[in-house]
Amino acid sequence: MNGLDYLVLLGVLVGIAAYGMWATRGRGDLRGYLQGGNTHWLTIGLSVMATQASAITFLSTPGQGYESGLGFVQNYFGAPLALILIAAVFLPIYRKLNVYTAYEYLGKRFDRKTRLLGAGLFLVQRGLGAGITIYAPAIVLSTVMGWRLDATIICSGLLVIAYTVSGGSPAVNLTQKYQIGVIFVGMIAAFFVLLAKLPAGLGLGDALAVAGGFHKLEAVDFSLNPDRRYTVWSGVLGGMFLALSYFGTDQSQVQRYLTGASLRESRLGLMFNAVFKIPMQFFILLLGALVFVFYQFERPPVFFNQAAWHQAAAHGAGGKLRALEADFNAAHADKQRHVNAWLAARHAGDPAAAAAERTAALAAHARTEAARDVTRTVLKAADPKALANDSDYVFVTFILDHLPHGLIGLLVAAFFAATFSSKAGELNALGSTTVVDVYRHVVRCDATDAHYVAASKWFTALWGFFAIGFALFCNLAENLIQATNIIGSIFYGVVLGLFLVAFFLRWVSGTAVFWAAVVSQVLVFVLYATLSISYLWYNVIGCGACMLLGVLIQAALPARQESTA
């Protein structure tokens with residue numbers, strides 16, 4: 001990055017944050033601070049999208065497309081169905097009861113302990129998620145740019161805390177609208193620059209043919225094997241339960257669409273996401289698949305996390321790593337020759353020759369992947385704490401090495417804007433849930449609005465500092481986009497079960513569903529530690545167990561009237 005890139009980066013990030021603080025100053029009442037109100041449907045839709053699509057989405061998902069192709073998009077196949085159900089069932093109930101948080105509804109429907117359990121599960125998993133949200137881009141960007149990791153985490157975290165605490169939910173909604181705009185402009189620009197960087201004469205059709213030939217365009221898998229991480233069935237069923245839990249019961253999302261000027265505005269905001277969620281994820285994965293195509297004609301590094309490679313090479317593993325790099329480069333050169341011959345045969349209308357060259361290219365590709373696998377093993381042996389997965393570094397490496405200055409600054413700004421938008425939504429929700437469902441409900445029940453607004457600011461800041469602290473000590477072995485979804489899947493199913501019992505099983509009491517949720521959450525922990533099934537199924541298991549156990553425990557309880565909170 002040069003001076004122009006840093007000027008663009010700082011101008012975008014500081015400018016949006018400062019404008020958000022200025023435009024939303026003076027929010028003194030609790031409802032105005034926590035919800036704002038009268039928000040247009042497009043702002044709601046963009047805010048919902050920005051909260052969900054963190055920097056992890058835009059940094060890690062292209063790497064997922066590079067490594068595994070489009071199959072990850074199946075993770076979102078159930079999202080449109082979930083958003084339609086939320087708009088039809090969840091949203092009218094929340095608005096009718098005029099609640100600040102989703103967990104207030106649990107208190108009205110069941111009792112205090114169930115409300116606190118739902119809020120507590122949210123605070124635990126979303127508090128951890130907020131730490132990952134800030135850690136994810138910081139670890140990647142600091143590594144490839146040579147920045148101090150702790151300074152990157154602290155500076156970006158403090159900036160988000162400042163405008164989120166200052167303006168509350170209105171500031172979050174306002175800044176997210178501009179941040180998501182920066183993200184879209186940056187990603188679309190990267191797409192067209194990538195196409196322009198492909199070899200002369202290689203059009204989009206040829207690029208897609210190469211991607212398809214290396215199995216990067218296989219977006220749908222109908223396998224019934226539960227161990228397969230992404231299939232149509234896990235995506236539609238498990239993905240629907242994950243989306244129902246996230247968009248319907250996670251306060252970071254509920255708070256976004258409760259700001260709507262009317263039920264219609266809130267529903268339109270949700271339908272915006274139902275329409276555009278899958279296409280957005282498909283586009284980002286396709287971008288990663290095209291980066292893969294680009295690197296068939298431009299030699300990539302044997303390991304994209306070059307900082308880790310150079311560190312290991314300088315501390316005793318240099319001989320092995322350089323030998324592996326030489327093997328990788330030779331195999332890549334061989335692959336490149338076969339890919340060019342494959343395309344030439346394709347243009348000449350010779351399918352037999354094209355098939356033979358494609359087979360040879362795949363064999364050479366297998367040799368490059370073998371060299372990469374051994375490189376990971378050597379790096380892990382040299383430093384057990386090193387991340388063996390380098391897919392999170394693919395896209396940012398392409399940006400820094402091959403995009404023009406100015407656009408590099410815009411793309412890095414887009415990554416941080418995604419971090420800020422998602423983290424701001426999370427901190428805003430964590431602060432409001434802590435105040436509304438714990439502090440105002442248990443600790444201080446009769447204070448003024450001004451007191452609760454001040455408390456909301458303090459708790460929002462405290463959660464922000466907690467996220468920064470967690471990020472400073474975080475260490476993830478998973479691909480970042482998968483790590484985020486895994487944490488959500490472990491908790492979301494049980495929380496969704498609480499709400500579905502509340503909506504549809506009216507005879508089940510608070511005591512029954514409380515203990516059902518506790519047992520179900522323990523069950524999910526045990527199964528995750530002992531099984532190897534796709535993590536998406538834990539959303540179904542947690543929800544189903546909570547509902548079934550709720551009915552069984554209720555049947556075993558003596559008939560009595562439950563008190564509500």
Side-chain angles (χ1 to χ4, degrees), residues 78 82 85-86 88-90 92-94 96-97 99 101-126 226 234 237-238 240-251 254 433 436-438 441-442 487-531 533-565:
L85 288 173
I86 291 166
V89 179
F90 292 45
I93 294 174
Y94 292 153
K96 180 180 179 180
L97 295 177
V99 295
T101 75
Y103 318 107
E104 273 190 282
Y105 168 70
L106 293 179
K108 294 176 182 293
R109 166 64 177 87
F110 294 121
D111 52 30
R112 171 180 290 191
K113 65 179 180 294
T114 308
R115 174 182 183 176
L116 291 175
L117 176 63
L121 289 174
F122 164 74
L123 292 173
V124 170
Q125 66 88 13
R126 185 49 59 195
S234 68
L237 188 58
M240 183 180 71
F241 276 77
L242 176 62
L244 272 175
S245 304
Y246 178 59
F247 291 105
T249 72
D250 189 303
Q251 182 61 22
V254 174
T433 300
V436 172
D437 293 297
V438 181
H441 188 59
V442 177
I487 289 177
S489 295
I490 289 172
F491 288 95
Y492 276 144
V494 175
V495 177
L496 178 61
L498 285 172
F499 281 86
L500 293 186
V501 170
F503 293 149
F504 301 115
L505 303 180
R506 304 295 298 178
W507 68 91
V508 178
S509 68
T511 297
V513 76
F514 175 87
W515 290 111
V518 171
V519 173
S520 298
Q521 190 61 71
V522 173
L523 174 65
V524 170
F525 287 145
V526 172
L527 292 179
Y528 178 73
T530 57
L531 297 182
I533 62 174
S534 170
Y535 60 78
L536 289 173
W537 291 115
Y538 293 112
N539 298 282
V540 182
I541 293 170
C543 180
C546 184
M547 296 181 72
L548 178 60
L549 289 174
V551 171
L552 295 176
I553 294 173
Q554 182 62 45
L557 289 175
R560 63 184 180 87
Q561 182 68 34
E562 287 277 337
S563 61
T564 60

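Just so you know, residue 1 is the first one in the sequence shown, and it goes up from there.
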Non-neighbouring partners of [X] that pass ring-ring contact (aromatic ring centres under 6.0 Å, His included), sequence neighbours left out:
X    : answer
Y105 : F503
Y538 : Y528
F247 : none

Nearest heavy-atom pair of [X] and [Y]: which atoms, and what distance?
X    : Y    : answer
A512 : Q554 : CB-OE1, 3.4 Å
A545 : L523 : CB-CD2, 4.1 Å
Q521 : I490 : NE2-O, 2.9 Å
A502 : L106 : CB-CD2, 4.4 Å
A516 : I553 : N-CD1, 3.7 Å
S245 : L496 : OG-CB, 3.0 Å

Worksheet item: So, D250 versus Q125: side-chain donor-acceptor pair below 3.5 Å or not?
Response: yes

Discussion item. Side chain to side chain contact (heavy atoms under 4.5 Å, CB included) for L97 and E104? Distances and angles first, verdict last.
Written reply: CA-CA 9 Å; L97 295 177; E104 273 190 282; over 6 Å; no

Discussion item. List the residues meeting side-chain contact (heavy atoms from CB on, under 4.5 Å) with A517, not counting sequence neighbours, and say none if there are none.
Written reply: L117, V494, L498, C546

Worksheet item: Passes side chain to side chain contact (heavy atoms under 4.5 Å, CB included), R115 versus R109? Steps please.
Response: CA-CA 9 Å; R115 174 182 183 176; R109 166 64 177 87; over 6 Å; no

Let me confirm one number: the [atom1]-[atom2] distance from [X] to [Y], rounded to the nearest 0.5 Å.
X    : Y    : atom1 : atom2 : value
L116 : F514 : CG    : CZ    : 8.5 Å
H441 : T433 : NE2   : OG1   : 13.0 Å
I86  : I93  : CD1   : CD1   : 12.0 Å
W515 : K113 : CH2   : NZ    : 8.5 Å
F491 : L123 : CZ    : CG    : 11.0 Å

Fill in: Partner set under side chain to side chain donor-acceptor pair (under 3.5 Å) for T114, not counting sequence neighbours
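Testing T114 for side chain to side chain donor-acceptor pair (under 3.5 Å), a comparison that skips the adjacent residues, returns D111.
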
Fill in: Pairing residues for S520 by the side chain to side chain donor-acceptor pair (under 3.5 Å) criterion, not counting sequence neighbours
none

Worksheet item: Is there side-chain contact between M547 and L505, with heavy atoms separated by less than 4.5 Å?
Response: yes

Item to complete: Apply side chain to side chain contact (heavy atoms under 4.5 Å, CB included) to the pair V89 and F504, showing each step before the final yes or no.
Response: CA-CA 10 Å; V89 179; F504 301 115; 3.9 Å; yes

Item to complete: Check the pair L557, T511 against side chain to side chain contact (heavy atoms under 4.5 Å, CB included), reporting the backbone distance first and the verdict last.
Response: CA-CA 9 Å; L557 289 175; T511 297; 4.2 Å; yes

Fill in: Sole residue of V495, V524, L242, L500 in side chain to side chain contact (heavy atoms under 4.5 Å, CB included) with C543
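Filter result, single survivor: L500.
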
Practice prompt. State which residue, out of F122, F110, Y94, fulfils the ring-ring contact (aromatic ring centres under 6.0 Å, His included) condition with Y103.
Written response: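 Exactly one pass, corresponding to F122.
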
